[in-house]
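First up is the structure itself, then whatever we jot down about it.
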Amino acid sequence: MLQVQLPDGSVKDYSKPVRVFDVANDIGPRLAKAALAGVVDGKVVGVDTPLPAEGKVELKLLTKKDAEALGVMRHSCAHIMARAVMRLFPDVQLAFGPTTVDGFYYDFAMSHKLSEEDFPKIEAEMAKIIKQDEAFERIVEPRDRALEVVGDIKQQFKVEHIQTGLGDHPTVSFYRQGEFIDLCRGPHIPTAGAIGAFKLMSVAGAYWKGDAANQQLQRLYGTAWFSKEDLDAYLQKMEESKRRDHRVLGKQLDLFSINPLVGGGLILWHPRGAIIRGELEQFVKTELQKRGYEPVYTPNIGKVDLYKISGHYPYYADAQFPTIKMKDHPESLAKAKAGGQPDEEEYLLKPMNCPHHIMIYKSRPRSYRDLPVRLAEFGTVYRFEQSGELNGMTRVRGFTQDDAHLFCTEDQVADEFRGCLEMTQFILETLGLTDYRVRLSFRDPKSDKYVGKPEVWDRAERELEQVCRSMNLPHMSIAPGEAAFYGPKADFIVADCIGREWQLGTVQLDYNLPSEQRFGLEYTGADNQAHRPIMIHRAPLGSMERFIGVLIEHFAGAFPLWLAPEQVRIMTVSEKFNDYGRQVERQLREAGLRVTGDFRAEKIGAKVRDAQIRLVPYMLVVGGREMEEGTVSIRDRIEGDVGALPIAGAIAKFQEEIRTKRIRQVAKPMAPAAASGAAEANEY
RNA sequence: GCUGCUGUAGCUCAGUCGGUAGAGUGCGUCCUUGGUAAGGACGAGGUCAUGGGUUCGAAUCCCAUCAGCAGCUCCA
């Protein structure tokens, strides 16, 4: 006897064996026809899945209206794409074909090199398959029989996967549709016809099982929806996202550029971009001062020996610019020529600020009364990122961290850590960046790559978790094994306009650098004994480059007044009023506002349009009326014409908005973050 | 770094079969003097990414390099 409980609370009893489909059919033939999958006790299954003979289950039937059904359908669409590709090209080896946040992909090994020119052909073949509306048939086989099946169809990746990845599965499942059979956990939709609209998106390389040492495969990306309207809406959203891309806006709004002659991944901040950065830096500096940080400055290079002690060199040698060798300097060459010893010193472009700050800590003996010491610097560092990684401002080779290093006692760690998190939160929220998640990275207890005693780690991880939980951080997750080798950390992660996630702020504990093997940091305790301080690395913004890149997309280029490079633009109705316009401009500039004047011989409509496109927050229209009354007509970028104010009144209005860092407009929420776990969801 | 794609005016892009280069926009000058998202005319602006090769002839075909884009891998 089986009891099936439905979402409306009703219960159906069965004494004979039933499948999900049978229950749907009992409820009604229309539902049976519309049902694409079911959720049995929280697990998504196909409609042909038999329910247990005994006990009680909860069942929800999924139709086109349910979000979970979309994933099932997309997975089926991935199969159909693979089937089409196999029909069109010889020697296709299938790897994995899971769903993603917005669609699906399938990895292939094949001799033909796929390109976008192949897409129409593949899409046409897929459309043909979908039109035939064939069923997906689930077949379960014992392992040895399954190996025969994949051997027979000469699918080597599948053979390997059954042997290694599925080593502990006594049986494995296949799905057959017509001539196409694929090793697959499922579930699938009943028949192909439910796929309303699909589109192939791109082709790219990917490694077998995600390991760069393995064979490289061709990955074909696609998206699928239940209706053409949904697909069109999605494609339109993607187009809008592209327009918000910080690389596009950076060029349009003249914020920054990258010049090959200067070097890839090296940002040139144009005047307008530099204003945004300068305002942000000032904001952070004010917060640092309030929170007891002390600003310092350190050089952009340091001797290699410094980084040998810190451990950054040669451990990260491949991610650093090569060293500067002084023996190549003319003076040294001359010395060597004269028979002297060449200069053997080597310098490194600084990859991290911490060693320099440590040398400031070490510049004199420290007492427990001095702690915590908080040294802050907007420090520029250089790292040689792989060429394929460079990406606008979000992944660069030279960047400035809003860095600080805290040296404290073990008893102070929790409070200091909390303080760092609070400052980060405060900064993000002031900027309206509320759509972030926090990832707490702990060690992998099975690995031995970590420095420091396990007891110390345990205590630190416990304390950090406690601190974070007490703060109610949004979307907090714990990532075991993601900690740095020197300590656990908390990262603030924000998604860009196309859903790619970027780590911005970070707070990290460090047991390594203060240790005897590294810099041997000390302070004198109340007991007059030497003690070892604990270090915290923290950067609320992360780097100015990446942060502003994400911020450009967050605001879609329409910055709040306090950050806007050009805050106010004066525009005259005709050249007759240019003198008055210049007078207004001068007054606003003297009041500290960033103002420009548009005194061209253009019509007011054209001037307004140009300022709107430039995303200038306020336009001041001046003509005969304003000149007579000593006023300005304010046009708000968002609201349009909002009437006239005396000049002093307008200035006060703008200054107040700047002082409160008011945010009046934020671009629509970013695309949902690409769930990194998506690929594993449908492992085979 | 790997796979694929792309590189033409400041910007966005067109350029057919291999026959010495085009639009829109922006920029400059002039006309126009106007009231909240595009007034008009004229003009300047190109080593077709770079270097080789094939060819009577290359923006176009081939090779290499550089840069960008998408994805993968990496990220102290």
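Just so you know, these numbers use all the heavy atoms, side chains as well, and skip hydrogens, waters and symmetry mates.
- Comparing the P positions of B/C27 and B/G52 gives a spacing of 38 Å, expressed to the nearest Å.
- Between the side chain of A/R569 and the backbone N or O of A/L620 there is no donor-acceptor pair closer than 3.5 Å.
- As rounded to whole Å, 17 Å separates atom P of B/C5 from atom OH of A/Y221.
- Base engagement by A/Q320 is indicated by at least one non-hydrogen atom pair under 4.0 Å involving a base atom.
- Residue A/Q401 comes nearest to A/V381 through the heavy atom pair OE1-CG1, 4.0 Å, listed as atom of the first residue, atom of the second, then distance.
- Where A/A204 and A/H312 each meet RNA chain B at their nearest nucleotide, the meeting point lying more 5' is that of A/A204.
- With rounding to whole Å, A/R383 atom CZ is found 6 Å from B/A76 atom C1'.
- Contact annotation: A/K251 side-chain N/O to B/U12 OP1/OP2 distance is under 4.0 Å.
- For the 3.5 Å distance criterion, the side chains of A/Y486 and A/Q508 qualify, holding a donor opposite an acceptor.
- The distance from atom NE2 of A/H112 to atom P of B/U3 is 17 Å, rounded to the nearest whole Å.
- Between A/H161 and A/K209 there is a side-chain heavy-atom pair separated by less than 4.5 Å.
- In this structure, OH of A/Y106 is placed 19 Å from C1' of B/U3, rounded to the nearest angstrom.
- Per the geometry, CG belonging to A/L220 stands 14 Å off P belonging to B/C5, to the nearest Å.
- Spacing of P atoms, B/C62 relative to B/G22, comes out at 25 Å, to the nearest Å.
- A/F384 carries A/R397 over the face of its six-membered ring, with the cationic atom under 6.0 Å from the centre and within 45° of the normal.
- Residue A/F485 is classed as having no contact, given no heavy-atom separation below 4.0 Å to the nucleic acid.
- Residues A/G388 and A/R395 each lie close to RNA chain B; by heavy-atom proximity, the contact nearer the 5' end of the strand is made by A/G388.
- Atom NE2 of A/H356 and atom C1' of B/A76 are 15 Å apart (whole Å).
- One N or O on the side chain of A/D636 and one on the backbone of A/I638 form a donor-acceptor pair closer than 3.5 Å.
- Taking atom P on both B/A59 and B/U8, the two are 15 Å apart, rounded to the nearest angstrom.
- B/U25 and B/A37 have their C1' atoms separated by 16 Å, given to the nearest Å.
- In this structure, A/K113 reaches the sugar-phosphate backbone alone: every heavy-atom distance under 4.0 Å involves primed, P, OP1 or OP2 atoms, never a base.
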**Complete:** Intra- and inter-strand pairing of RNA chain B, written as dot-bracket with Watson-Crick and G-U pairs under 3.5 Å and | for the latter, reads (((((((..((((.....[..)))).(((((.......))))).....(((((..]....))))))))))))....
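- In this entry the distance linking CZ of A/F96 with C1' of B/C72 reads 15 Å, nearest Å.
- Outside the 6.0 Å centre-distance limit, the rings of A/H270 and A/F256 are not counted as a close aromatic pair.
- Taking the side chain to side chain contact (heavy atoms under 4.5 Å, CB included) definition, one finds that A/L509 meets it with A/V413, A/F417, A/A460, A/L464, A/P488, A/Y511, A/I536, sequence neighbours left out.
- Atom name P, nucleotides B/A64 and B/U60: the rounded distance is 16 Å, in whole Å.
- Panel note: side chain A/K121, backbone A/L88; no donor-acceptor pair is recorded below 3.5 Å.
- When the C1' atom is used for both B/G24 and B/A38, the distance is 13 Å, rounded to whole Å.
- The side chain of A/Y207 lies closest to B/G1 when the candidates are B/G1, B/G4, B/A76.
- With A/F104 as the aromatic partner, A/R74 does not meet the cation-pi criteria of under 6.0 angstrom to the ring centre and within 45 degrees of the ring axis.
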**Asked** Going 5' to 3' along nucleotides 59-68 of chain B, which nucleotides have protein heavy atoms under 4.0 Å from the base (write B), which only from the sugar-phosphate (write S), and which from neither (write -)?
**Response** ----------
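- Within 4.0 Å of A/Y486, counting heavy atoms only, lie sugar-phosphate atoms of the nucleic acid but no base atom.
- Comparing the C1' positions of B/G19 and B/C61 gives an interatomic distance of 15 Å, to the nearest angstrom.
- Comparing the C1' positions of B/A49 and B/G34 gives an interatomic distance of 45 Å, to the nearest angstrom.
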**Prompt:** Quick one: what's the B/S/- string for nucleotides 28-43 of chain B, heavy-atom cutoff under 4.0 Å, read 5' to 3'?
**Reply:** ----BBBBBBBB----
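- Contacts of A/A376 classified as side chain to side chain contact (heavy atoms under 4.5 Å, CB included), with partners at least two apart in sequence or in another chain: A/L288, A/Y293, A/A404.
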**Request:** Just do the salt bridge (charged side-chain N to carboxylate O under 4.0 Å, His left out) check on A/E575 and A/R600 with the steps written out, would you?
**Result:** CA-CA 7 Å; A/E575 286 177 298; A/R600 293 175 299 166; over 6 Å; no
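- Rounded to an integer number of Å, the gap from NZ of A/K209 to P of B/C72 is 18 Å.
- Partners of A/K603 by side chain to side chain donor-acceptor pair (under 3.5 Å), not counting sequence neighbours: none found.
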